[in-house]
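Per chain, numbering begins at 1; letters A, B, ... match sequence-line order. As the structure is a prediction and not an experimental result, all values here were calculated from the model.
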2 protein chains.
Amino acid sequence: MTRPPKVFFLVHKAHTALIRAVDRRSRRDAGLSMTQQGVLFLLERQEGLTLGEVADALSLGKSSLSGLIDRMEERGLVRRGSGEGDGRIVRLFLAGDARALVAKSRPMVSGWNATLLAPFDAAEQKVIARFLTHVAEYAEEIVEEGAT
Amino acid sequence: MTRPPKVFFLVHKAHTALIRAVDRRSRRDAGLSMTQQGVLFLLERQEGLTLGEVADALSLGKSSLSGLIDRMEERGLVRRGSGEGDGRIVRLFLAGDARALVAKSRPMVSGWNATLLAPFDAAEQKVIARFLTHVAEYAEEIVEEGAT
DNA sequence: TTCATCTATTTCGTATACGAACAAACTCAC
DNA sequence: GTGAGTTTGTTCGTATACGAAATAGATGAA
């Protein structure tokens, strides 16, 4: 006779706690916001992504990313390059000591990930992943279609 | 041989999708941000909470909430009252048509919740709730203690 | 009483994020 | 080619959120 969990609220709580902690840590260690770290992580895996691709990958609007990249460029961590054929396209590349920053952070993030998952066995981890993916995929549809 | 899910990223994706959808919907239907709705939901359940209590319940800094309440007060949805004995305390009360707004929204939110959980059986829902609670509770500790 | 200290909230400065509106570059039908 | 419409990114205005510092009230020890 347990009621269903309030997914909405629980997701928000979990996210807030996690993101705030990571953001604080990231600002303290590297002077970068979490999103800025996200950009670096992404580019370290694949340089030359377009601004739009990076925005999509980070679930961020292009307008938000545009200003973020401005600040990162000023700090010399990222460089805007032009797309070869297409003059509209902006391709992003790592610069300065961005690679070193990522190299330092990535194992730390993996560690957090492992620790957070430690209390859950493989089957449970699958459920968790399935749930989060499900929410990411269908949230908009579900929320939009609901009756007014 | 499946790798563990990247919890961090998945939580972020799920949250972003969910919150953005709900926020857009809320602004469209009621002209309120999601956080503002959160304040109303909370006060509808228990009026007269202090500003600090509301901030904690919503995982929000007091400074953030202070300005938010300013705007809600201007719109006549909330009222600042004084704590009886203690002059520092600000107690919050619903005003205007706040109650009607909540009455309209609450069943909708319940619907979203049910739909999001529909593909998961009771046991799986328990795992999901346990995981989200776990993250909310230990994220800060885990992220802070990690090696530099 | 009175001064130091603690607590609850507000103010301040900055970063982040959104959507709308815009500009520039491309594509395609003709 | 030319003009309509699309795609890509930037700019603009506003709301949200944070942390640090300031304010105002409460509490307690001398």
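Residues satisfying the salt bridge (charged side-chain N to carboxylate O under 4.0 Å, His left out) test with B:D86, not counting sequence neighbours, are B:R88. Partners of B:R45 according to the salt bridge (charged side-chain N to carboxylate O under 4.0 Å, His left out) rule, which considers only residues two or more places apart in sequence or in another chain, do not exist here. Among residues two or more places apart in sequence or in another chain, the salt bridge (charged side-chain N to carboxylate O under 4.0 Å, His left out) test is passed with A:E44 by A:R106. For B:R27, the side-chain hydrogen bond (donor to acceptor under 3.5 Å, both in side chains) partners at least two apart in sequence or on another chain are B:D23. Contacts of A:Q37 classified as side-chain hydrogen bond (donor to acceptor under 3.5 Å, both in side chains), with partners at least two apart in sequence or in another chain: A:S26. B:R79 pairs by the salt bridge (charged side-chain N to carboxylate O under 4.0 Å, His left out) definition with nothing, not counting sequence neighbours.
Protein atom CG of A:D70 is 12 Å distant from nucleotide atom P of D:dC12, rounded to whole Å. For the pair A:R24 CZ and D:dA20 C1', the computed distance is 14 Å after rounding to whole Å. Atom CZ in B:R91 sits about 14 Å away from atom P in C:dT10, given to the nearest Å.
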Would you tabulate the nitrogen or oxygen pairs shorter than 3.5 Å linking the protein to nucleotides 4-8 of chain D?
| residue | atom | partner | partner atom | Å |
| --- | --- | --- | --- | --- |
| D:dT7 | O2 | A:R88 | NH1 | 2.7 |

Please enumerate all protein N or O atoms sitting under 3.5 Å from an N or O of nucleotides 14-16 of chain C, with distances to 0.1 Å.
| residue | atom | partner | partner atom | Å |
| --- | --- | --- | --- | --- |
| C:dT16 | OP1 | A:S33 | OG | 2.9 |
| C:dT16 | OP2 | A:R71 | NE | 2.5 |
| C:dT16 | OP2 | A:R71 | NH2 | 2.8 |

Donor-acceptor contacts under 3.5 Å from residues 129-137 of chain A side chains, at least two apart:
| residue | atom | partner | partner atom | Å |
| --- | --- | --- | --- | --- |
| A:R130 | NH2 | B:E124 | OE1 | 3.4 |
| A:R130 | NH2 | B:E124 | OE2 | 2.8 |
| A:T133 | OG1 | A:A129 | O | 2.7 |
| A:H134 | NE2 | B:L116 | O | 3.3 |

Show me the side-chain donor-acceptor pairs of residues 92-100 of chain B shorter than 3.5 Å, one per line, residues at least two apart or across chains.
| residue | atom | partner | partner atom | Å |
| --- | --- | --- | --- | --- |
| B:R99 | NH2 | B:E47 | OE1 | 2.7 |

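Residue contacts shown for B:R80 are limited to sugar-phosphate atoms, with no base heavy atom under 4.0 Å away. Using a 4.0 Å heavy-atom cutoff across all strands shown, A:G67 reaches no nucleic acid atom at all.
Within a heavy-atom distance below 4.0 Å of DNA chain D, no residue of residues 37-45 of chain B is found. Near DNA chain D, defined here as any heavy-atom distance below 4.0 Å, there are no residues from residues 7-19 of chain A.
Residue-to-nucleotide contacts include a donor-acceptor pair under 3.5 Å from the side chain of B:S63 to the base of D:dG19.
The pair B:D70-B:R80 meets the salt-bridge criterion, with a side-chain N (NZ, NE, NH1 or NH2) lying under 4.0 Å from an Asp/Glu carboxylate O.
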